[in-house]
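Worksheet: one structure, shown below.
Everything numeric here is computed off the predicted structure, so don't read it as measured data.
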Amino acid sequence: NRCLIAMQNGDLHKFEDLYKLTYNHMKSVALLYLTNKSLCEDVVEDTYVKVFKYYYSYQIGADGYNWMCKAAEHIAFNYNKIEKEKNGNVNLDDIAPPADPINAYENSDMRISLDAIFETLGEPNRTIAIHRYYLGETMEQIGRIVGMGKVAVYKRLQKINAIVKEKYFES
């Protein structure tokens, strides 16, 4: 937050500090959401371009790290959409977290195996989560895939989020 505030106050050299402090975290976010992991560096680079372009819109008092993570998440979703359009439909079995999630995220706070999370979800929750969080599809699109209305998909996602949060992120 201090770096973003300093940048808003005219000290653009703080961008370098921001980069050094958050690079590994942004890389973890990109890896988490990308279907094509080889695009990770591109997503991270685009995230920093966006942060530099819009640093003035950061609201003082808000969580700057979360703001940056959301930017990386949205950029990853856009990359996934482009990949999907380019390569056709994505096979859900091809979407997998890195083979060794601990090492892939060794320099970040993200140390939970996505395999373990998906295993606990079961079907159709697994399909819903993958289509929403990996592919960035709308509730309506997901509903057509799993045979539910968009409101039902939304409610299911709320339950999935609560399960994951309770099981993996709260002690």
Report yes if the side chains of [X] and [Y] come closer than 4.5 Å at any heavy-atom pair, otherwise no.
X      : Y      : value
Thr138 : Gln141 : yes
Ile128 : Ile145 : no
Tyr19  : Cys3   : no

Working to the nearest 0.5 angstrom, can you tell me the gap between [X] [atom1] and [Y] [atom2]?
X     : Y     : atom1 : atom2 : result
Tyr48 : Ile75 : OH    : CD1   : 11.0 Å
Met26 : Met68 : CE    : CE    : 4.5 Å
Leu4  : Asp63 : CG    : CG    : 10.0 Å
Arg2  : Leu21 : CZ    : CG    : 8.5 Å
Glu83 : Asn78 : CD    : CG    : 12.5 Å

Among residues at least two apart in sequence or on other chains, which ones pass side chain to side chain donor-acceptor pair (under 3.5 Å) with [X]?
X     : value
Asp42 : none
Glu41 : Tyr23, Lys27
Tyr55 : none
Tyr54 : none

If I compare all heavy atoms of [X] with all of [Y], which pair ends up nearest, and what's the gap?
X     : Y     : value
Asn1  : Gly64 : OD1-N, 2.6 Å
Leu18 : Met7  : CD2-SD, 4.3 Å
Ala6  : Lys14 : CB-CG, 3.4 Å
Tyr56 : Gln8  : O-NE2, 3.2 Å

Below 3.5 Å, can you tabulate the donor-acceptor pairs from side chains in residues 147-160 to any protein atom, sequence neighbours excluded?
from: Tyr154; atom 1: OH; to: Gln158; atom 2: NE2; distance (Å): 3.0
from: Arg156; atom 1: NH1; to: Asn125; atom 2: OD1; distance (Å): 2.8

Criterion side-chain contact (heavy atoms from CB on, under 4.5 Å) on Val51 and Phe15, from CA distance to verdict: CA-CA 9 Å; Val51 166; Phe15 183 75; 4.3 Å; yes
Sidechain-backbone polar pair: Thr127 side chain, Glu123 backbone, donor-acceptor under 3.5 Å: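 Between the backbone of Glu123 and the side chain of Thr127 there is no qualifying donor-acceptor contact (under 3.5 Å).
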Ile142 backbone acceptor or donor facing Glu137 side chain under 3.5 Å: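 Here the side-chain-to-backbone pair does not exist.
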Joint hydrophobic cluster, Leu39 plus Val49, side-chain heavy atoms closer than 4.5 Å: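 No, it is not one cluster - the side chains of Leu39 and Val49 are not joined through contacts under 4.5 Å.
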N-O pairing of Asp17 and Lys20 below 4.0 Å: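 No, no charged N to carboxylate O under 4.0 Å.
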Results of salt bridge (Lys or Arg N to Asp or Glu O under 4.0 Å) for Asp11 - residues two or more places apart only: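 None.
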Leu31 and Val43: CA distance, side-chain angles, deciding distance, side-chain contact (heavy atoms from CB on, under 4.5 Å) verdict: CA-CA 9 Å; Leu31 285 170; Val43 169; over 6 Å; no
Polar side chain donor-acceptor pair, Asp46 to Tyr79, under 3.5 angstrom: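 Their side chains do contain a donor-acceptor pair, which is all the 3.5 Å distance test asks for.
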